[in-house]
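Each remark here refers to the structure printed beneath this line.
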Amino acid sequence: MAETNDAKTVVLCGVGGQGTILAADLLAHTAMESGYDVKLSEIHGMSQRGGAVNTVVRFGNEPVHAMVADAGCADCVISFEMTEALRNVSYCKKDGFLLVADESIKPLPVLTGKASMPSNLENRLAEVGAVAIPAGSIAAEVATVKSVNVVLLGALATRLDFPISAWEDVISKRVPPKTIEANLRAFHAGYEFAKEAK
């Protein structure tokens with residue numbers, strides 16, 4: 001069966017505990033709510049806190065058959081952490097875009113002294129055209145620090161054609177009931193920041 005040419009690919013990357021998998025779930029369901037065929041696939045992941053987590057969401061107007069996750073295949077890479085952004089930038093197409101939370105988390109090898117963090121992270125990401133989102137401070141201001149993932153989805157929403165109402169409906173249905181209002185505030189704050197930054 002031939003693959004649809006209009007399929008879009010989004011790679012979400014971060015570390016365990018940041019809500020990367022929930023963000024991918026919300027993105028996939030919003031795409032479905034917006035009438036697209038959707039495939040969701042974890043490339044690799046260690047769900048415990050600190051392990052790298054990568055997830056791919058593909059969606060299109062026609063059936064999506066392949067879960068391609070090769071270099072240069074992603075229309076968007078959305079990263080929850082700067083080191084993971086640098087590690088995954090190769091997935092981004094030449095005309096794709098990279099959204100990055102301006103957070104740096106030291107992995108266990110760095111904490112134990114067996115490795116060091118990459119140098120000049122901000123400059124290196126700026127050189128490849130990354131858009132830095134102060135997701136942590138936005139989340140803390142309007143919701144809770146646990147809402148960083150939804151702030152980043154708000155930023156992503158400025159680049160996709162899904163109705164805002166679809167995002168709102170999915171968030172309201174798929175996050176814990178007590179966190180709905182906070183997550184909606186986080187989503188809209190991320191959206192407004194990215195709209196101004198474009």
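None of these values were measured; they are calculated from a predicted model.
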Do [X] and [Y] have side chains that approach each other closer than 4.5 Å (heavy atoms only, starting at C-beta)?
{"X": "I164", "Y": "Y191", "answer": "yes"}
{"X": "E62", "Y": "D37", "answer": "no"}
{"X": "C92", "Y": "C76", "answer": "no"}
{"X": "V15", "Y": "V53", "answer": "no"}
{"X": "V100", "Y": "V131", "answer": "no"}
{"X": "V56", "Y": "V10", "answer": "no"}
{"X": "L156", "Y": "L160", "answer": "yes"}
{"X": "N149", "Y": "Q18", "answer": "no"}

Q | Worked check of side chain to side chain contact (heavy atoms under 4.5 Å, CB included) between I78 and V11 | A | CA-CA 6 Å; I78 179 166; V11 173; over 6 Å; no
Q | Verdict with supporting geometry, E81 and T83, side-chain hydrogen bond (donor to acceptor under 3.5 Å, both in side chains) | A | CA-CA 6 Å; E81 195 272 340; T83 305; 3.3 Å; yes
Going by side chain to side chain donor-acceptor pair (under 3.5 Å), name the residues that satisfy it together with [X], two or more places apart in sequence or in a different chain.
{"X": "E33", "answer": "none"}
{"X": "D75", "answer": "K93"}
{"X": "T179", "answer": "N183"}

When rounded to the nearest 0.5 angstrom, what distance separates [atom1] in [X] from [atom2] in [Y]?
{"X": "L27", "Y": "L22", "atom1": "CG", "atom2": "CG", "answer": "11.0 Å"}
{"X": "L153", "Y": "L99", "atom1": "CG", "atom2": "CG", "answer": "10.0 Å"}
{"X": "D6", "Y": "N61", "atom1": "CG", "atom2": "CG", "answer": "4.5 Å"}
{"X": "L152", "Y": "L12", "atom1": "CG", "atom2": "CG", "answer": "9.0 Å"}
{"X": "T30", "Y": "K173", "atom1": "OG1", "atom2": "NZ", "answer": "10.0 Å"}

Q.
Apply side chain to side chain contact (heavy atoms under 4.5 Å, CB included) to residues I133 and D102 and explain how you reach the verdict.
A. CA-CA 6 Å; I133 310 289; D102 65 350; over 6 Å; no
Q) With the 4.5 Å side-chain cut-off for hydrophobic clustering, are V145 and F193 part of the same group? A) no
Which pair of heavy atoms, one from [X] and one from [Y], lies closest together, and at what distance?
{"X": "V142", "Y": "A186", "answer": "CG2-CA, 3.8 Å"}
{"X": "L40", "Y": "A24", "answer": "CD1-CB, 3.8 Å"}
{"X": "I180", "Y": "S172", "answer": "CD1-O, 3.2 Å"}
{"X": "I138", "Y": "A189", "answer": "CG2-CB, 3.5 Å"}
{"X": "T9", "Y": "C73", "answer": "CB-O, 3.6 Å"}
{"X": "V77", "Y": "C13", "answer": "CG1-SG, 4.1 Å"}

Q | Flag for N54-N88: side-chain donor and acceptor within less than 3.5 Å | A | yes
Q.
Salt bridge check, R159 against D161: does any charged N sit closer than 4.0 Å to a carboxylate O?
A. no
Q. Looking at E84 and R87, does any basic side-chain N land under 4.0 Å from a carboxylate oxygen?
A. yes
If the condition is ring pair (Phe, Tyr, Trp, His ring centres under 6.0 Å), which residues does [X] pass it with, not counting sequence neighbours?
{"X": "Y36", "answer": "F59, F162"}
{"X": "F97", "answer": "none"}
{"X": "F187", "answer": "W167"}

Q.
Under the criterion side chain to side chain contact (heavy atoms under 4.5 Å, CB included), I'd like the reasoning laid out for R58 against K8: C-alpha separation, chi angles, the key distance, then a yes or no.
A. CA-CA 6 Å; R58 298 196 79 219; K8 300 290 185 191; over 6 Å; no
Q: Begin from the C-alpha positions of K39 and H65 and carry the test side chain to side chain contact (heavy atoms under 4.5 Å, CB included) through to its verdict.
A: CA-CA 8 Å; K39 293 289 183 290; H65 303 297; 5.9 Å; no
